[in-house]
Amino acid sequence: RLVLRLLAARAEVLVERAAEVTGRPVVVATAVVRDGAVLAARRTRPAELAGRWELPGGRVEQGEAEPDAVVRELREELGVDVRVTGRLGTDLPLADVLLRVHTAELAPGSPEPEPLEHGALRWVDAADVPGLDWVPADRAVAADLVTLLRSG
Ligand code: DCM
């Protein structure tokens, strides 16, 4: 039985390593929450996603910690300073990346968000989350978003 337990432990380690080696790049999406609303951003590209709403974010760079990627991407895309507060939902496998949703709040003294790389921005409250035209991946966390907004 001891041997079986050792083999099982070894198998777990190997599975974890395989996931690291074959792992897809992570794209962080961010639910910035303020006063019971989440900040949604309207995409302008590619054509099939243009006009639809997303949680802003982007690709994590090699060796970069995810919270640092969230802070960097939101500074680039929205001109804001954020503080990362947690995670939302489960990882979502996309074609060639893994989408992981973080939660954040504007840091004290942060500028107001501006659509530097999006067509528009909008604060969306719990009642309006389900009806928004989310990009398909972000639609998957809509129920978790509603729960988060209603809990705060
Ligand atoms: N993406 C998404 N939802 C987000 C952010 C990104 O589905 N909230 C997808 C769109 C692209 C990929 O991740 O396929 C990379 O995003 P970007 O083009 O914004 O770098």
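Counting starts at 1 for both ligands and their atoms, in listed order.
In terms of modelled atom types and a separation under 3.5 Å, the side chain of Thr85 and the main chain of Thr103 share a donor-acceptor contact. In terms of modelled atom types and a separation under 3.5 Å, the side chain of Arg42 and the main chain of Gly51 share a donor-acceptor contact. Side-chain atoms of Arg139 come within 3.5 Å of backbone N or O of Pro130 as a donor-acceptor pair.
Closest to atom 13 (O) of ligand 1 by heavy atom, among Leu92, Val135, Thr30, Leu94, is Leu94. Looking at Val101, Leu99, Leu55 and measuring to atom 8 (N) of ligand 1, the nearest heavy atom belongs to Leu55.
Atom 7 (O) of ligand 1 has as its closest protein heavy atom Ala137 CB, 3.5 Å. For atom 3 (N) of ligand 1, the closest heavy atom belonging to the protein is Asp138 OD1, 2.7 Å. Taking atom 15 (C) of ligand 1 as the reference point, the nearest protein heavy-atom neighbour is Val27 CG2, 4.3 Å. Looking only at protein heavy atoms, the nearest one to atom 5 (C) of ligand 1 is Glu54 OE1, 3.3 Å. Ranking protein heavy atoms by distance to atom 19 (O) of ligand 1, first place goes to Arg43 NH1, 3.0 Å.
By the criterion of a heavy-atom distance under 4.0 Å, the side chain of Arg45, and not its backbone, is placed next to ligand 1.
Salt bridge Arg72/Glu61: present, at least one basic N to carboxylate O contact under 4.0 Å.
Interatomic distance, Glu105 CD to Asp35 CG, rounded to the nearest 0.5 Å: 11.0 Å. One distance of note links CG of Asp125 with CG of Leu145; it measures 11.5 Å at 0.5 Å rounding.
Proximity of atom 11 (C) of ligand 1 to the protein is not indicated, since no non-hydrogen protein atom lies closer than 4.0 angstrom.
Counting heavy atoms of neighbouring residues, nucleotides and ligands inside a 6.0 Å radius, atom CG of Asp133 exceeds 12 of them.
Within ligand 1, counting atoms from 1 as listed, the ones closer than 4.0 Å to a heavy atom of Ala29 are 8 (N).
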